[in-house]
Structures are given as C-alpha cells and as structure tokens.
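Have a look at the structure below before the remarks.
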Amino acid sequence: MQNIIKVTESGDTNLVEIISPQKGSYIDQHRFETDWPSNCLLALADLKGEWFLDSYQRFEHPNYVQKQIDFILDYYGVSLKNKIILDFGCGFGASTYCLLKRGADNITISELDDDNLNFCSSFLEQRGFSNSFHVQKGDMIPTMENNSFDIIWLQAVVEHLLPDERYEYLRTFWRALK
C-alpha cells in the first residue's frame, strides 16, 4: 500500500490528510473530515492511488455524481423507492451509493473488475446498506431476463463499450426494462 493518505480517528469522524500528489480532483483539498470508517478510506486509497481524492469526491461531493443523479431523477420525476434497479458497470460504487442515498432500496450491482466490485460491496455493507443491494459478478448480458428491472443506470459505461457491444448491450437493456 502506498502512502496516499493519513487518517486520524476522532470520535465519530476521521480527519483525512492527503500526503501524496493527486490527479483529477473536483476540488483541491488537502484535509477534510468524514464519517467514513478508516478502513474504507485506506482501501479506497489503496485501490485508486493518485486518484483517491477524485474517487472520494465522487461519493461525497454534492456537485459530482450526486448532482447528475438528482438532476435526471428530478427532471423525469422518478422515485427509486421500491424499484428494482441495475447499476451496470458500477465501478467502485459511487453511483450506487448516490442512488441509495436518494432512496433506492433494491439495487443489483454489476462490474467486470473484481477489485472495484469488492470495494463497492464492502463499502456499501459498512455504510449500512447490506440489505439494499445484490452483487452480480461477471458479464450478465447473456443471462439478463426480459422485464427484470424498473431502472437500469449506466454511469460512464457506454463510452467503454465497442460499437458492436453497444448495439447488443443497449438492445438487451431495453428488453430487460419493465
């Protein structure tokens, strides 16, 4: 593990100090307080390295992923409560976490990268969402059933698919929507 951050525990919060150069952060901050458990912070730092701060901000900064989710849901008047949701290509879990904070209570998370999926699952469990998500490992496209989801969320996924994959995946997603 690299020395990316230093975490000082202080009651219910932790003070995080960034101790190595970071890339791509939404807001350049070198110290902040958070209610994240120290093991989650250290695991994210280990997983993302010099992208730790950007990755953390995807979860917690209200003008990052949460703003995108809120805008779409508000614009279309969509409630997530009692909906069966797929977060396809969930990455390390920022969009899933933001959907859960918005009221989702039944999300299937799917990701091809095992390290990202393991972090996502562990993080969500530690944040108290154990009963609100299910893990789908591997490529679920070949086995996806028709009419199985109310909502399918793709956050920064389509641009990573090859043109032939886009056609196949999007057709499958349309069939899987109720």
Side-chain angles (χ1 to χ4, degrees), residues 24-27 34-36 40 43-44 47-48 51-178:
S25 62
Y26 185 77
I27 293 177
T34 181
D35 65 346
W36 280 34
C40 286
L44 185 63
L47 180 66
K48 296 301 178 179
W51 292 93
F52 164 79
L53 186 55
D54 175 71
S55 301
Y56 173 82
Q57 289 170 345
R58 290 171 188 250
F59 286 89
E60 295 297 345
H61 197 284
N63 286 327
Y64 211 151
V65 175
Q66 190 70 58
K67 185 174 185 176
Q68 297 167 15
I69 288 172
D70 290 344
F71 176 81
I72 295 294
L73 297 178
D74 291 345
Y75 184 82
Y76 291 103
V78 175
S79 168
L80 301 178
K81 191 77 174 155
N82 299 318
K83 298 286 193 307
I84 301 170
I85 301 168
L86 169 63
D87 187 356
F88 185 85
C90 69
F92 52 97
S95 57
T96 306
Y97 182 62
C98 291
L99 291 165
L100 289 163
K101 289 193 304 184
R102 182 63 191 244
D105 54 11
N106 185 359
I107 300 180
T108 298
I109 58 173
S110 173
E111 173 59 40
L112 294 177
D113 183 292
D114 286 342
D115 291 338
N116 279 337
L117 189 60
N118 291 338
F119 175 84
C120 177
S121 179
S122 174
F123 172 79
L124 295 174
E125 287 174 4
Q126 291 186 52
R127 299 303 284 169
F129 293 109
S130 296
N131 296 323
S132 300
F133 75 96
H134 318 280
V135 176
Q136 174 67 48
K137 288 191 174 205
D139 184 3
M140 65 184 294
I141 293 296
T143 60
M144 193 176 292
E145 296 180 20
N146 293 347
N147 303 313
S148 52
F149 295 100
D150 296 302
I151 296 169
I152 298 176
W153 191 264
L154 304 168
Q155 181 81 31
V157 171
V158 175
E159 66 270 24
H160 297 285
L161 299 174
L162 297 171
D164 289 346
E165 289 176 323
R166 290 177 190 157
Y167 179 77
E168 176 189 349
Y169 281 45
L170 292 174
R171 282 182 46 152
T172 302
F173 294 146
W174 278 115
R175 285 196 312 269
L177 284 170
K178 291 182 179 182

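Starting from 1, each residue takes its place in the sequence as its number.
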Open item on the list: How long is the straight-line distance from CD1 of I85 back to CG of L80, given to the nearest 0.5 Å?
Closed with: 4.5 Å
- [ ] For the pair E168 and T172, evaluate side chain to side chain donor-acceptor pair (under 3.5 Å) and give the outcome as yes or no after the intermediate values.
- [x] CA-CA 6 Å; E168 176 189 349; T172 302; 5.2 Å; no
Open item on the list: Could you report the tightest heavy-atom contact between R58 and A94, atom names first, then the distance?
Closed with: CB-CB, 3.7 Å
Open item on the list: Is any side-chain heavy atom of M144 closer than 4.5 Å to one of L86?
Closed with: yes
- [ ] For L117 and C90, work out which heavy atoms get closest and say how close.
- [x] CD1-SG, 4.0 Å
Task: Distance, nearest 0.5 Å, that separates CG of L47 from CG of N116 - done: 5.0 Å
TODO: Indicate yes or no: at least one non-hydrogen side-chain atom of Q66 is less than 4.5 angstrom from one of R102.
DONE: yes
TODO: I would like to know whether D54 and Y64 meet side-chain contact (heavy atoms from CB on, under 4.5 Å); could you show each step before the answer?
DONE: CA-CA 10 Å; D54 175 71; Y64 211 151; 2.6 Å; yes
TODO: Please check if atom CD in E145 has more than 12 non-hydrogen atoms from other residues, nucleotides or ligands closer than 6.0 Å.
DONE: no
TODO: Would you indicate whether the side-chain heavy atoms of F123 and L44 approach each other to under 4.5 Å?
DONE: no
Open item on the list: Contact between C120 and Y97 at the side-chain level, heavy atoms closer than 4.5 Å - yes or no?
Closed with: no
TODO: Enter the distance from F173:CZ to I141:CD1 here, rounded to the nearest 0.5 Å.
DONE: 4.0 Å
Open item on the list: Rounded at 0.5 Å granularity, tell me how far NZ in K101 sits from CD in E60.
Closed with: 4.5 Å
Task: K178 and I84, any side-chain heavy atoms less than 4.5 Å apart - done: yes
Open item on the list: How long is the straight-line distance from OG1 of T96 back to CG of D87, given to the nearest 0.5 Å?
Closed with: 3.5 Å
Open item on the list: Just verifying a value: how many Å separate I107 CD1 and S95 OG, rounded to the nearest 0.5 Å?
Closed with: 8.0 Å
Open item on the list: Does this structure show an ion pair linking K48 with D115, if we count only N-O contacts that are shorter than 4.0 Å?
Closed with: no
Task: Atom of D139, atom of L112 and distance for their closest heavy-atom approach - done: N-CD2, 3.6 Å
Open item on the list: So, applying ring pair (Phe, Tyr, Trp, His ring centres under 6.0 Å) with F88, which one of Y169, W153, F149 is it?
Closed with: Y169
TODO: Would you mind reporting whether N82 and N106 have side-chain heavy atoms less than 4.5 Å apart?
DONE: no
Task: S130 backbone acceptor or donor facing E125 side chain under 3.5 Å - done: no
- [ ] Could you check R127 against D35 for salt bridge (Lys or Arg N to Asp or Glu O under 4.0 Å), going step by step and ending with a plain yes or no?
- [x] CA-CA 10 Å; R127 299 303 284 169; D35 65 346; 2.9 Å; yes
Open item on the list: So does L161 get a backbone contact from the side chain of R166, meaning a donor-acceptor N/O pair under 3.5 Å?
Closed with: yes
- [ ] Would you indicate whether D164, at its atom CG, is surrounded by more than 12 heavy atoms from other residues, nucleotides or ligands within a distance under 6.0 Å?
- [x] no
Open item on the list: Tell me whether the rings of W36 and F59 are parallel (<30°), tilted (30 to 60°) or perpendicular (>60°).
Closed with: perpendicular
Task: K137 side chain reached by N118 side chain, heavy atoms, under 4.5 Å - done: yes
Task: CZ (R171) with more than 12 external heavy atoms under 6.0 Å - done: no
